[in-house]
Amino acid sequence: MSKQKEVPERTGTQGWEQFLATKQEMLYEYDLAKLYAKSHIVKVSHGNVAEATFRKWLNNFLPQKYGVTSGYIISQSTNFAGLKLPHYDVIIYNKLESPILWVEENSDNSEFGKVRAIPAEYVGAVFEIKSSLTTQSSSKAIKKILELKPLLQTTKENIRYCGKFTSFFFTATVFFELLKENEYKKQILNNLVIPFDFPYHGGIILRGQDRDINDTGCFRMQQGESYIESTVGV
């Protein structure tokens with residue numbers, strides 16, 4: 001007689017099952033895009049869908065005073081004149097007070113696919129979204145986030161309108177899935193390490209291959225006085 005696999009009991013506040021259902025909806029749209037992408041020469045559409053579905057979820061989840069968009073972060077400081085404008089996957093900003101400097105759109109874009117330019121002072125957070133957690137994607141995500149460092153205020157500045165972020169600004173990463181082949185790659189964790197003086201809150205993994213659909217991975221940086229030997233693979 002075979003032993004049945006024990007399923008861990010799941011508890012939480014009221015509505016937690018419905019809350020998890022929204023995550024499953026995001027993953028369903030992502031999987032559907034992956035299926036369609038198999039016939040494409042350049043398979044990038046599922047990555048775009050991942051970004052759009054996460055923006056849509058955040059827009060519905062956050063209070064109405066916050067706006068969610070992809071786009072550019074603009075500084076009025078002359079120190080940044082002439083610098084390139086990198087595009088960011090998810091920008092959370094003060095929707096009630098922030099001006100929208102410009103909007104890039106076409107007839108094929110939904111409301112959550114529009115690209116907006118937001119002044120740095122009104123930006124509260126930036127998320128980098130990647131379809132799968134790999135050595136390459138983790139490196140690219142962190143590299144993109146670190147490009148924001150010139151816009152951070154020092155403790156001496158603390159000025160509201162200086163062309164930089166406020167003290168409440170933070171960043172994070174989101175990966176839609178982690179495949180078994182990448183589960184124990186130490187280099188991935190090494191890529192996700194950021195200096196502690198940077199407002200980085202770590203990130204989440206929405207799904208792990210062969211794991212319960214309701215399981216969500218979370219990683220964050222912690223600082224201690226003693227060295228901890230890694231138990232992760234190669």
Side-chain angles (χ1 to χ4, degrees), residues 15-37 43-73 86-95 98 100 103-105 108-118 122-134 136-145 147-148 169-179 182 188 192 199-209 211-220:
W16 67 271
E17 291 175 305
Q18 290 78 7
F19 183 79
L20 286 176
T22 61
K23 186 188 82 166
Q24 295 182 25
E25 290 176 4
M26 283 193 289
L27 290 169
Y28 171 77
E29 293 186 37
Y30 168 74
D31 287 337
L32 190 61
K34 281 177 62 178
L35 182 63
Y36 289 145
K43 297 178 174 59
V44 296
S45 59
H46 59 289
N48 296 335
V49 168
E51 297 170 16
T53 55
F54 193 79
R55 286 193 296 268
K56 180 180 178 181
W57 172 78
L58 265 182
N59 185 76
N60 293 331
F61 175 76
L62 293 173
Q64 289 301 301
K65 67 177 182 179
Y66 297 110
V68 181
T69 187
S70 69
Y72 311 104
I73 299 171
H87 176 273
Y88 289 95
D89 299 336
V90 175
I91 299 172
I92 301 175
Y93 64 99
N94 186 329
K95 187 177 181 180
S98 175
I100 307 299
V103 178
E104 297 177 4
E105 59 180 311
D108 294 328
N109 279 346
S110 67
E111 182 65 24
F112 302 104
K114 292 181 179 179
V115 176
R116 297 174 176 85
I118 309 296
Y122 300 95
V123 174
V126 169
F127 288 73
E128 270 299 299
I129 315 297
K130 298 296 180 185
S131 55
S132 184
L133 178 54
T134 65
Q136 184 179 29
S137 68
S138 58
S139 177
K140 285 184 176 181
I142 297 304
K143 182 179 180 181
K144 193 67 172 295
I145 283 178
E147 290 179 354
L148 294 166
F169 173 78
F170 73 94
T171 64
T173 52
V174 177
F175 300 90
F176 264 58
E177 64 180 351
L178 172 63
L179 302 180
N182 296 312
I188 292 179
L192 295 171
Y200 175 60
H201 284 199
I204 62 172
I205 307 167
L206 294 183
R207 176 178 65 194
Q209 186 179 7
R211 293 184 177 270
D212 190 289
I213 186 63
N214 291 320
D215 289 343
T216 300
C218 176
F219 56 89
R220 61 181 180 178

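Along the sequence shown, residues carry numbers from 1.
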Please confirm whether the backbone N or O of Asp215 pairs with a side-chain atom of Lys23, one donor and one acceptor, at under 3.5 Å? yes
How are the rings of Trp57 and Phe19 set to each other: parallel, tilted or perpendicular (split at 30° and 60°)? perpendicular
Show the nearest heavy-atom pair for residues Leu179 and Gln209, with the distance to one decimal. CA-OE1, 3.4 Å
Validation row: Arg207, Ile213 side chains within 4.5 angstrom (heavy atoms): yes
Phe61 CZ: over 12 foreign heavy atoms closer than 6.0 Å: no
Glu29: which residues meet the side-chain contact (heavy atoms from CB on, under 4.5 Å) condition with it, sequence neighbours left out? Val49, Thr53
Flag the pair Gln24 / Asn214 as yes when at least one side-chain heavy-atom distance between them is below 4.5 Å, and no otherwise. yes
Ala172: what forms a side-chain contact (heavy atoms from CB on, under 4.5 Å) with it, not counting sequence neighbours? Phe127
So, using side-chain contact (heavy atoms from CB on, under 4.5 Å) as the criterion, who are the partners of Ile204 when residues are at least two apart? Val174, Leu206, Thr216
Non-neighbouring partners of Lys140 that pass side-chain contact (heavy atoms from CB on, under 4.5 Å), sequence neighbours left out: Lys130, Gln136
Please list, chain by chain and in numerical order, all residues satisfying ring-ring contact (aromatic ring centres under 6.0 Å, His included) with Phe169, sequence neighbours excluded. Phe165
Quick one: salt bridge (charged side-chain N to carboxylate O under 4.0 Å, His left out) pairs with a partner in residues 57-72, sequence neighbours left out? none
Partners meeting ring-ring contact (aromatic ring centres under 6.0 Å, His included) with Tyr72 (sequence neighbours left out): His87
Residue list, side chain to side chain donor-acceptor pair (under 3.5 Å) with Ser132, at least two apart or on another chain: none
List in chain and number order the residues that pass side chain to side chain donor-acceptor pair (under 3.5 Å) with Thr173, two or more places apart in sequence or in another chain; answer none if no residue qualifies. Tyr200
Short question: side chain of Arg55, backbone of Asp89 - any donor-acceptor pair under 3.5 Å? yes
Sequence neighbours excluded, which residues qualify as salt bridge (charged side-chain N to carboxylate O under 4.0 Å, His left out) partners of Glu25? none
Contacts of type ring-ring contact (aromatic ring centres under 6.0 Å, His included), residue Phe176, not counting sequence neighbours: Tyr30
Are there more than 12 heavy atoms of other residues, nucleotides or ligands under 6.0 Å from atom OH of Tyr28? no
Output all residues satisfying salt bridge (charged side-chain N to carboxylate O under 4.0 Å, His left out) with Arg220, sequence neighbours left out; order by chain, then residue number. none
Decide yes or no for Val123 and Tyr88: does some side-chain heavy atom of the first lie under 4.5 Å from some side-chain heavy atom of the second? no
